[in-house]
Amino acid sequence: MSLRFDAISNINNTETAVPASAKITGIFGTNVFTLKTAREYLSDEAYKSLITSIRGGKKIDRNVANQIANGIRAWAESKGVTHYTHWFQPLTGTTAEKHDSFFTLKGDGTAIEEFDGAALIQQEPDASSFPSGGLRATFEARGYTAWDPSSPAFIIEIGQGKTLCIPTIFVAYTGESLDYKAPLLKAIEALNKSAVEVCHYFDKNVTKVTPTLGWEQEYFVIDEALATARPDLIQCGRTVFGAAPAKGQQLEDHYFGSIPERVYAFMRDFEQESYKLGIPLRTRHNEVAPAQFECAPIFEEVNIAVDHNTLLMDVMIRVAKRHKLVVLLHEKPFAGINGSGKHNNWSMATDTGVNLLAPGKTPKTNLMFLTFFVNTIKAVHDYADIMRAAIASAPNDHRLGANEAPPAIISVFVGQYLAKVLSDIETRVSTKFDEQDEAILKLDLHRSIPELLLDNTDRNRTSPFAFTGNKFEFRAVGSSANCAISMTVLNTIMADTLKKFKADVDAIIEKGDKKEIAIMQVIQRYIVESKNVLFEGDGYSEEWHKEAERRGLPNLKTTPVALDAFVTDKAKKLFENNGVYTHVELEARHEIELEKYIKKVQIEARVMGDLAINHIIPAAISYQNELLTNINGLKSAGLAESAYKSQLNILKEVSEHIQVIHDKVNAMVEARKVANNIEHSREKAIAYESIKSTYFDEIRYHVDKLEHLVDDEKWTLPKYREMLFLR
Ligand code: ADP
Ligand code: MG
């Protein structure tokens with residue numbers, strides 16, 4: 001019996017392990033070395049030093065580091081931990097760990113458990129097997145991980161095993177960053193600096209601005225046995241073949257439906273694991289597509305939120321196994337039904353407790369809101385190409401612009417109230433703008449910005465970057481992506497724009513204008529300069545694509561070309577001026593992203609070939625043989641051709657599809673040989689993109705036709721209707 005039927009017949013025998021209910025507050029953060037825990041386990045000196053380094057990024061000296069390490073070990077051991085690891089986010093897109101035990105032998109052979117400051121602060125994983133984009137040659141694999149005190153240590157539990165994880169950044173000995181976190185931390189600092197300066201126009205008490213992130217993670221869940229019978233899911237994370245089921249998502253009954261029991265048990269289980277790790281999950285629900293779900297936490301500081309999202313993805317994959325389920329984080333696991341995204345809700349908060357993207361209660365605080373609001377629009381307008389590059393990946397190419405997800409055109413949605421506010425400022429602020437005009441306009445604006453914008457912002461689901469009342473939502477981010485990439489870009493472009501804003505306002509003040517007037521004038525100019533990027537309509541529509549073209553907005557549909565924006569002079573200047581990436585680092589990242597793209601498409605092409613030749617064609621031929629036996633039998637029984645005309649037609653049809661599939665798979669192999677000989681990564685990626693667009697859909701078309709024709713019992717790959725609806 002094929003894996004497929006084995007899986008189907010076993011589905012109802014799968015026991016659902018239901019986790020015991022636990023009060024969230026009782027388990028929240030129990031596996032995290034929180035400040036409260038630190039207070040308990042550290043001396044006053046060590047605790048103070050830890051706090052300063054968290055707040056101001058100040059270096060911790062060796063002696064104190066030893067004390068902190070000892071405290072962390074004491075805590076971890078009290079929880080049964082035996083090993084520790086530096087936990088980091090290399091550019092492969094997953095997380096990495098290398099476990100070492102506390103256990104060690106002293107010179108005289110005594111066995112002891114030890115974790116000293118040096119081990120806390122720095123470790124040397126073999127960097128050669130992580131992608132570096134040519135930053136280090138493999139023979140000089142010198143990279144190290146360095147403790148990031150701003151993200152707390154935590155304990156990962158796998159079965160009975162418990163490991164202490166120290167969040168770290170990963171850098172080369174030459175100083176270049178080799179991970180997602182190091183540049184993110186720099187971008188956060190750059191934003192902090194420029195945002196604080198701009199805040200001082202309104203409030204001198206602000207000393208720190210922290211970007212905030214609340215991600216929404218979409219994912220699919222399917223039965224493990226069914227997934228195992230699909231080599232494409234196992235190897236590529238998506239199905240490369242599969243005919244559309246009679247019932248897909250057209251009834252939209254999944255979205256409103258109750259959560260299936262098995263999935264519900266899984267959700268509660270991974271939620272509990274997440275709570276222990278301090279991930280503040282808040283919502284869970286079904287998504288539009290069958291077997292698609294979403295979860296979202298309460299927002300946190302960007303740095304922590306990024307760690308929590310990567311951690312959550314790990315936890316989900318692991319916990320799913322316990323439930324004999326598979327989580328698909330791929331952006332487009334199934335053709336013809338919605339893909340998955342990871343909306344990044346983003347804002348900025350001051351240490352005085354103000355959300356800079358929430359409208360204020362007074363005209364003055366409203367001006368502060370408008371300043372940050374308009375600067376965000378300006379930033380996205382000026383750097384739309386880099387925003388696009390930030391979300392570019394082979395899997396996200398399937399989603400962007402597929403009439404279900406935001407298009408590859410970056411635009412900003414602000415909602416009708418704010419659109420009106422912007423156009424009022426645009427028309428009413430002029431160079432002759434004086435104090436009286438200012439007073440009137442401020443009051444008018446104050447009246448036209450409803451205090452509770454949150455409930456007054458219309459929802460536009462088709463915009464890649466939408467204002468949602470007190471934050472912007474970057475919707476074009478892919479579900480499998482590390483949020484750090486888009487957050488690094490967003491915070492950097494914001495830092496840069498605010499810096500320019502400050503300079504522009506100061507220049508007017510120097511000429512003798514009042515501060516508020518200067519601010520209004522620059523805001524007005526920024527609105528004029530960036531209104532091209534504002535779009536309130538349907539982002540999925542054909543008209544928008546035409547309109548965007550008229551406006552000259554870029555619409556780069558594929559990753560190999562979208563990534564160009566990372567290495568333009570503009571990008572190099574931006575990232576270097578803000579201390580986020582050096583030229584060399586940008587070039588390296590560009591190279592790595594291209595390589596990732598090439599490899600992903602290459603793997604998919606191979607899997608397609610394997611499946612076509614080893615699964616599809618054999619099933620089709622076996623069916624042909626059955627038809628032939630039938631036809632010959634009918635013939636020898638003396639029946640006229642009309643008795644087996646249909647069989648002959650099916651036979652012919654099956655033959656035709658087999659021929660096309662076989663020819664195309666061979667042609668694709670040849671095209672890959674040509675592509676593999678291309679030296680330059682960008683050209684090679686473009687060649688692979690062309691392989692994908694030339695062959696993938698075509699081969700798939702014929703395979704899916706065969707799925708409809710061939711005897712169901714001979715079909716070895718689980719079908720869409722099974723993967724999506726059986727659980
Ligand atoms: P929805 O977008 O579905 O209406 P919410 O508005 O409640 O849902 O929030 C969606 C996500 O945005 C949540 O993760 C939430 O924590 C996050 N969020 C809310 N406020 C902010 C903020 N100031 N900064 C960043 N994220 C935020
Ligand atoms: Mg949302």
Side-chain angles (χ1 to χ4, degrees), residues 24 28 184 187-188 191-192 195 199 206 208-219 255-256 267 271 274-275 278-288 292-313 316 338 340-361 365 368-369 372-373 375-376 379-380 405-406 412-415 418 450-477 479 481 483-484 486-491 494:
I24 298 171
F28 191 76
L184 176 68
I188 291 171
L191 175 76
N192 172 40
C199 280
V206 174
K208 187 167 180 185
V209 171
T210 317
T212 50
L213 166 65
W215 39 262
E216 300 164 52
Q217 178 73 52
E218 291 183 335
Y219 59 96
Y255 194 52
F256 299 106
M267 284 176 173
E271 282 168 2
S274 304
Y275 291 140
I279 305 172
L281 288 180
R282 184 79 184 278
T283 59
R284 55 162 107 101
H285 62 85
N286 289 2
E287 262 303 323
V288 177
Q292 192 187 28
F293 307 89
E294 180 186 295
C295 66
I298 299 166
F299 70 93
E300 301 173 278
E301 290 182 14
V302 164
N303 175 28
I304 308 288
V306 164
D307 282 2
H308 280 168
N309 181 247
T310 31
L311 204 47
L312 174 92
M313 292 195 283
M316 285 172 84
N338 281 6
S340 301
K342 173 148 52 201
H343 298 176
N344 278 202
N345 295 273
W346 170 88
S347 188
M348 294 151 286
T350 67
D351 56 350
T352 53
V354 175
N355 173 356
L356 291 170
L357 290 175
K361 289 197 163 52
T365 46
M368 175 147 103
F369 158 69
F372 283 90
F373 179 68
N375 270 282
T376 311
V380 175
V412 182
F413 170 86
V414 297
L418 290 167
E451 217 176 277
L452 269 183
L453 210 46
L454 204 53
D455 302 320
N456 283 303
T457 322
D458 23 341
R459 291 293 162 136
N460 179 321
R461 305 221 152 262
T462 66
S463 174
F465 198 78
F467 186 69
T468 49
N470 57 1
K471 62 193 182 286
F472 277 97
E473 186 167 341
F474 193 11
R475 297 223 182 90
V477 183
S479 51
C483 305
S486 46
M487 284 298 115
T488 301
V489 168
L490 190 52
N491 290 311
M494 193 61 185

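Sequence positions, counted from 1, serve as the residue numbers for this chain. Indexing begins at 1, ligand by ligand and atom by atom, following the structure's order.
For atom 10 (C) of ligand 1, the candidate residues are Leu213, Asn345, Leu281; the nearest heavy-atom contact is made by Asn345.
When only interatomic distances are considered, the shortest N/O to N/O separation between Trp346 and ligand 1 does not fall below 3.5 Å. Considering backbone and side-chain atoms alike, Phe299 places an N or O below 3.5 Å from some N or O of ligand 1. Considering backbone and side-chain N/O atoms, Ile298 never comes within less than 3.5 Å of an N/O atom of ligand 1.
Shown are Thr468, Asn470, Asn355; of these, the side-chain hydrogen bond (donor to acceptor under 3.5 Å, both in side chains) with Ser347 is made only by Asn355. Here the rule is side-chain hydrogen bond (donor to acceptor under 3.5 Å, both in side chains) with Ser340, and of Glu287, Glu294, Gln292, Glu218 only Gln292 fits it.
In this structure, the ring-ring contact (aromatic ring centres under 6.0 Å, His included) partners of Phe373, at least two apart in sequence or on a different chain, are Phe369, Phe467, Phe472. For Asn303, the side chain to side chain donor-acceptor pair (under 3.5 Å) test picks out Ser150, Lys181, with sequence neighbours left out.
For Asn345 (side chain) and Leu213 (main-chain N/O), no donor-acceptor pair under 3.5 Å exists by modelled atom type.
Of the heavy atoms in Thr212, both backbone and side-chain atoms come closer than 4.0 Å to ligand 1.
Of all atoms in ligand 1, listed by their number and element, those nearer than 4.0 Å to a heavy atom of Pro297 are 13 (C), 14 (O), 16 (O).
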